[in-house]
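Everything below concerns the one structure shown next.
Numbering of ligands and ligand atoms starts at 1, following listing order. We're numbering straight along the sequence, starting at 1. As the structure is a computational prediction, the values presented were derived from the model and not from experiment.
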Amino acid sequence: MKIAEWTQKLKKNYLFQSVAEKVKSFKEKNPYANIINMGIGDVSLPICKSVVNSCIKSANEMGNIESFRGYSPNSGYDFLKKSIQQDYQDRNISLDLDEIFISDGAKSDMSNILDIFSSDNVCLIPDPVYPVYLDTSIMNGMTVKFINATEDNNFLPLPDLSVKSDIIYICSPNNPTGASYSKPELKLWVDYALSCDAVILFDAAYESFIEDDSCKSIFEVENSDLCAIEFKSFSKSSGFTGMRCGYSIVPKKLKRNGESLNSLWSRRHSTKFNGVPYIIQRAAEACLSTEGKKECSKFIKYYKENSKSISKTLDNLGIKYFGGKNSPYIWMKCINDMNSWEFFDYLLEKFQIVGTPGSGFGKNGEGFFRLSCFGSHENTLEACKRLENMKK
Ligand code: MLT
């Protein structure tokens, strides 16, 4: 018996697990510390009224012989797919229902999608970025190349035509930097992917935070349906981190080596996944109703208030930062030449504030630090008050 080779290639812990372990050990030593967690991007507001009502209604349906349901259709119920289809149609993007696959979230989809590709592929991954892309590419035995996202390119790298790749991860708005691509910039990526027959895996988990004219979907770009798959999640837009629902859009026009990637994903999804619970799919449908959208947009507004408070504090302190506008994260520079993990320890020990070390998102994240804006106003303001005492 041999264990998988990737187990020897990855760091011991997933980034947020390392953070959680450090916090746990600090808590053991300081049981009365009032820790403010601005680390993992977990929401603090409860699900909205329309969603709660929908859950109650569908739970009752499940308890009634006439309306009880067993297995969900594998790729999701049509009622939810139709709401998603309409949501895209409102932005002039036409989708067929069988291009939409409902899942338990974007994180799993973005990892699982690699199952349909040969391990003999090169994955192009921005640095810094959400660590799941790198970890899962390694788990799937892919070769990884990085593309640098730095202050010099406003954290928005563009394709280098001399670099060949097969699978391109793009996260826009980017986690952790908050940088988001415009349509002309994404068109360059689409053109590049088409020129080398690559497939773009487009993570739009933070799309609902966009407040300028950045692209909200890769499918706004012409011909992207020939080279891209999009991943969305209800986690951050609708407070579903604990509810778990997301979806992927795999265009039927997308083919490689004569095979439809839509059919291959359907094959993979139906074999390894048994569908999202009916109650959760009804809850997700409620998020996309007129009332649900209105309520969820208030969440975004609420979290954006936090971004403003943190930005103001950092401005007063003269600390450089990015993000916070099209994303729920502030990407700040560590002070006094500390590296990311040193700064993590400093903030935890001195101010009992937890954030995420930038180096956990890639080597270009070294010297940076991510603060989540998903906390309560009260905690965020308290954190800002503590941060004001930071000495440069
Ligand atoms: C984040 O904070 O980057 C994400 O919420 C973490 C995750 O999805 O694993």
Side-chain angles (χ1 to χ4, degrees), residues 10-23 35-45 47 103-114 125-139 149 155 169-180 201-209 231-248 299-300 303-304 306-307 310 322-324 326-332 340-341 344 347-348 353-362 364-365 368-376 379-380 383:
L10 286 182
K11 288 195 187 126
K12 181 176 161 267
N13 282 335
Y14 176 53
L15 171 62
F16 294 101
Q17 203 182 343
S18 297
V19 169
E21 280 186 10
K22 280 221 170 213
V23 175
I35 296 174
I36 299 179
N37 197 334
M38 301 169 93
I40 194 161
D42 196 3
V43 294
S44 55
L45 293 176
I47 47 172
S103 72
D104 64 345
K107 178 183 186 172
S108 6
D109 278 351
M110 298 220 56
S111 318
N112 294 332
I113 194 78
L114 294 185
I125 300 181
D127 175 352
V129 87
Y130 186 37
V132 165
Y133 312 158
L134 173 63
D135 287 1
T136 52
S137 298
I138 293 174
M139 284 178 178
F155 300 104
Y169 277 97
I170 297 181
C171 180
S172 181
N174 177 276
N175 176 12
T177 66
S180 45
L201 304 180
F202 189 78
D203 183 351
Y206 297 95
E207 163 270 313
S208 49
F209 287 82
F231 301 89
K232 291 282 294 280
S233 163
F234 290 90
S235 287
K236 320 283 170 162
S237 59
S238 316
F240 266 46
T241 51
M243 301 280 280
R244 308 304 318 149
C245 194
Y247 55 94
S248 53
F299 293 169
I300 309 287
Y303 296 133
K304 278 181 183 281
N306 287 339
S307 310
I310 302 168
F322 304 85
N326 286 345
S327 92
Y329 301 120
I330 299 282
W331 182 241
M332 66 177 285
S340 303
W341 278 105
F344 174 91
L347 282 192
L348 180 58
I353 292 174
V354 176
T356 311
S359 55
F361 298 93
N364 291 325
F368 283 91
F369 200 72
R370 195 193 78 173
L371 292 174
S372 159
C373 304
F374 281 116
S376 66
N379 279 348
T380 306

- Message: Consider side chain to side chain contact (heavy atoms under 4.5 Å, CB included). Of Ser137, Cys171, Pro131, which one does Ile125 pass it with?
- Response: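 Among the candidates, only Ser137 passes.
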- Message: Under the rule for side-chain hydrogen bond (donor to acceptor under 3.5 Å, both in side chains), what residues qualify as partners of Thr241, not counting sequence neighbours?
- Response: Asp42
- Which residues satisfy the side-chain hydrogen bond (donor to acceptor under 3.5 Å, both in side chains) test with Ser172, sequence neighbours excluded?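 side-chain hydrogen bond (donor to acceptor under 3.5 Å, both in side chains) list for Ser172, sorted by chain: empty.
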- Message: I'd like the contact residues of ligand 1, where contact means a heavy atom below 4.0 Å.
- Response: Tyr14, Phe16, Ile40, Gly41, Lys107, Tyr130, Asn175, Lys236, Tyr329, Arg370
- Query: For the rings on Phe368 and Phe361, is their centre-to-centre separation under 6.0 Å?
  - Reply: no
- Query: In chain order, what residues pass the salt bridge (charged side-chain N to carboxylate O under 4.0 Å, His left out) check against Lys236, with sequence neighbours excluded?
  - Reply: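 With neighbours one apart ignored, the set is empty.
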- Task: Would you indicate whether the side-chain heavy atoms of Leu347 and Phe369 approach each other to under 4.5 Å?
- Result: yes
